[in-house]
Amino acid sequence: QSQYRIMFGCLNCCSWTGAGPILLSFSYVLYVILIEYLVPVDCLDEPCNSEGLDNSILGWATDYFIAILITGFGLDLCCKTKRFCCRTVQGTEGDATCPSVCPAVLSLWFMGAAYVFGGLGHSVYTNSGFDDNAGQQGFYISWAVSFTFMTLSVEETYRFVRSVMAPMTSSSSRCCRRTGLFLNISLVLVIAAWIATAGGYVWCATNEDLHVEGPIDSVPPGGGDDNDNIDGEDNDSFVLEQCLQVAAPAEITWYVCFSLFWIPAGMILRSTILEKQQQQVGGRQLSVFGFPVAWAAIWVSVIPWTFGIMIIVYSGIAAVATGQEATQVYEDIYGAVIYHYGMLLGYFFFHNIVLSLTSREDGEGNQPGNGTDVSNKQKRTERHSKTLEEDSC
């Protein structure tokens with residue numbers, strides 16, 4: 001717990017200034033600048049990006065950075081709410097609810113684990129075989145495991161969103177329930193894309209003819225002898241291995257489905273927050289780390305499509321349009337840095353939303369000095385109601 005307090009101490013100190021997201025962004029930018037200008041090489045295995053994958057140090061270093069912080073967000077929820085797996089309590093209309101924080105914590109931990117394996121794929125097992133049908137078995141395994149953890153994270157996010165949607169009672173909230181169908185469909189699409197992606201990479205992992213030992217191989221782009229490309233020149237007749245033909249488009253589809261999922265999820269979370277503000281905290285604005293959580297719910301839907309995970313898709317489209325290599329375009333625009341920042345900020349906002357909806361202190365946002373002012377009488381009343389709620393929990 002002492003390590004946890006050190007990690008989040010600065011954010012807590014800056015809550016009253018509204019500087020939580022700003023401090024997080026500043027820390028990330030400073031980390032990126034230090035890596036960019038202090039590390040003497042761009043990648044560990046040169047030539048960089050020569051095996052169909054971004055293996056830049058800046059890319060995998062930010063993988064591990066956001067993995068640590070996103071996992072820390074989950075620990076923060078455990079420590080602040082002090083009830084990791086409290087069951088959901090449903091009362092009568094207007095009563096307080098006690099949604100379980102467990103799915104949200106697991107969602108953050110699963111996403112953190114996904115980026116650990118993603119970092120392995122970008123730093124240790126960097127030979128993908130996308131350009132020559134010769135890749136490392138470790139890459140295919142790490143990629144399949146990474147997408148499995150990301151899909152588990154989405155499924156746990158779905159569980160949390162459904163749990164907070166169930167107790168909603170106002171007419172506006174009931175209207176927002178219609179997005180539940182969109183949420184269900186998007187989850188099914190994410191799972192279907194995961195089956196194809198993970199299945200394709202597992203297939204590649206079992207295909208011994210595809211495997212090479214090191215991160216850099218001697219097979220030229222275009223596939224080598226099997227494609228009459230002995231001289232190392234580009235071969236227009238190059239045909240990608242069937243397992244990679246399945247995995248590559250499925251991976252892109254997964255990114256799109258993931259972004260689609262956050263549209264209804266953000267709408268439902270925002271509706272729940274607005275209802276809690278109106279019915280449980282007297283219309284006061286809930287904020288965590290100095291940022292209004294109603295706005296955070298909007299950002300979790302917007303980030304994936306702007307500077308989040310869709311950056312990977314956009315760089316691929318730009319590569320096709322310009323005739324360049326996708327990995328080169330991705331590196332030139334600092335795609336990994338931008339998209340990792342989007343994921344970090346998005347899950348920071350998700351953490352804030354969960355905290356506001358599950359914390360016994362109304363998501364920290366009702367504490368003095370954090371954008372609200374609660375009288376002593378109100379505090380005593382809320383403390384009494386919280387005691388009753390905790391007994392039921």
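Heavy-atom basis, side chains included; hydrogens, waters and symmetry copies ignored.
- Without hydrogens or angle criteria, S56 side chain to D42 main chain gives no donor-acceptor distance under 3.5 Å.
- Annotation for A318 and V329: closest pair CB-CG1, 4.1 Å, computed over non-hydrogen atoms.
- Hydrophobic clustering, with ILVMFWY side chains joined whenever heavy atoms are under 4.5 angstrom apart, groups V313 together with I311.
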Check: Would I353 and L357 satisfy side chain to side chain contact (heavy atoms under 4.5 Å, CB included), going step by step from the backbone distance to the final call?
Finding: CA-CA 6 Å; I353 293 167; L357 295 176; 4.0 Å; yes
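- T197 places no side-chain N or O within 3.5 Å of a backbone atom of W194 that could act as its donor or acceptor partner.
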Next item on the list: Please lay out, stage by stage, how N127 and F139 fare under the test side chain to side chain contact (heavy atoms under 4.5 Å, CB included).
Entry: CA-CA 7 Å; N127 196 334; F139 168 79; 6.0 Å; no
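- Looking at Y330 and Y339, their side chains come closer than 4.5 Å, going by heavy atoms from C-beta outward.
- Between the side chain of S271 and the main chain of M267, no donor-acceptor pair closer than 3.5 Å is present.
- The hydrophobic clustering, which links ILVMFWY residues whose side-chain heavy atoms are closer than 4.5 Å, places V337 and V39 together.
- Heavy atoms only, all atoms of each residue included: F261 and V154 are closest at CZ-O, 3.7 Å.
- For E325, the CD atom sits in a loose shell: 12 or fewer heavy atoms of surrounding residues, nucleotides or ligands are nearer than 6.0 Å.
- Residues Y158 and N184 meet the side-chain proximity criterion, which asks for heavy atoms closer than 4.5 Å.
- Here SG of C78 is found 14.0 Å from CZ of F73. Values are rounded to the nearest 0.5 Å.
- Considering CD of Q328 and CG of D54, their distance stands at 9.5 Å, rounded to 0.5 Å.
- Remark: Q324 engages T322 in a side chain to side chain donor-acceptor pair (under 3.5 Å) (not counting sequence neighbours).
- Remark: Y115 engages H340 in a ring pair (Phe, Tyr, Trp, His ring centres under 6.0 Å) (not counting sequence neighbours).
- Under the rule for a ring pair (Phe, Tyr, Trp, His ring centres under 6.0 Å), the partners of Y341 that lie at least two apart in sequence or sit in another chain are Y28, F307.
- Here OG of S107 is found 5.0 Å from OH of Y347. Values are rounded to the nearest 0.5 Å.
- Checking side-chain atoms of N133 against main-chain N and O of E241 turns up a donor-acceptor pair under 3.5 Å.
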Next item on the list: I would like to know whether L344 and F65 meet side chain to side chain contact (heavy atoms under 4.5 Å, CB included); could you show each step before the answer?
Entry: CA-CA 9 Å; L344 178 63; F65 182 81; 4.2 Å; yes
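- Atom CD1 of I68 and atom CG of D63 lie 11.0 Å apart (nearest 0.5 Å).
- When side chains are defined from C-beta on, L108 does not count as touching T71, because their heavy atoms never get closer than 4.5 Å.
- Between L181 and I185 there is a side-chain heavy-atom pair separated by less than 4.5 Å.
- Here the side chain of T126 pairs no donor or acceptor atom with the backbone of S123 at under 3.5 angstrom.
- Closest approach of A104 and L77 over heavy atoms only: CB-CD1, 4.3 Å.
- Atom CD1 of residue I333 and atom CD1 of residue I338 lie 5.5 Å apart, to the nearest 0.5 angstrom.
- Residues A297 and I273 approach most closely at CB-CD1, 4.2 Å, considering heavy atoms.
- Side-chain contact between V239 and Q245 is present, with at least one heavy-atom pair separated by less than 4.5 Å.
- A centroid separation of less than 6.0 Å is found between the aromatic rings of W262 and F350.
- Considering only heavy atoms from C-beta on, L69 comes within 4.5 Å of L24 through its side chain.
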Notebook entry, point to check: Where do W143 and S128 land on the side chain to side chain donor-acceptor pair (under 3.5 Å) test, with the steps shown first?
Noted result: CA-CA 10 Å; W143 234 236; S128 68; over 6 Å; no
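- Counting non-hydrogen atoms of neighbouring residues, nucleotides and ligands closer than 6.0 angstrom, the CD atom of Q242 reaches no more than 12 such neighbours.
- Side chains of Y140 and N207: no donor on one and acceptor on the other come within 3.5 Å.
- Taken together through direct or relayed side-chain contacts under 4.5 Å among Ile, Leu, Val, Met, Phe, Trp and Tyr, Y64 and V29 form parts of separate hydrophobic clusters.
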Next item on the list: Tell me, with the steps shown, if S186 and F258 meet side chain to side chain contact (heavy atoms under 4.5 Å, CB included).
Entry: CA-CA 8 Å; S186 60; F258 173 85; over 6 Å; no
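- Using a 4.5 Å cut-off between side-chain heavy atoms of Ile, Leu, Val, Met, Phe, Trp and Tyr, with links allowed through other members, L58 and V124 fall into the same hydrophobic cluster.
- Here M111 contributes atom CE and M150 contributes atom CE; the two are 6.5 Å apart, rounded to the nearest 0.5 Å.
- N55 and H122 share no donor-acceptor pair across their side chains, judged by distance under 3.5 Å alone.
- Residues I298 and V164 share a hydrophobic cluster, clusters being chains of Ile/Leu/Val/Met/Phe/Trp/Tyr side chains in contact below 4.5 Å.
- Counting heavy atoms from C-beta on, the side chains of Y31 and T62 come closer than 4.5 Å.
- Looking only at atom types and distance, the side chain of Q137 has no donor-acceptor partner in the side chain of Y125 under 3.5 Å away.
- Between W254 and T151 the shortest side-chain heavy-atom distance falls below 4.5 Å.
- Listed here is the closest heavy atom pair of L345 and P21: CD1-CB, 4.4 Å.
- The heavy-atom pair separating S259 from M310 by the smallest distance is OG-CG, 3.2 Å.
- When atom types are taken as modelled, the side chain of T148 and the backbone of A144 share a donor-acceptor pair closer than 3.5 angstrom.
- A donor-acceptor pair under 3.5 Å links the side-chain atoms of Y314 to the main chain of W305, judged by distance alone.
- The closest donor-acceptor contact from the side chain of H351 to the backbone of D76 lies at 3.5 Å or more, if one exists at all.
- S153 and W109 share no side-chain donor-acceptor pair at under 3.5 Å.
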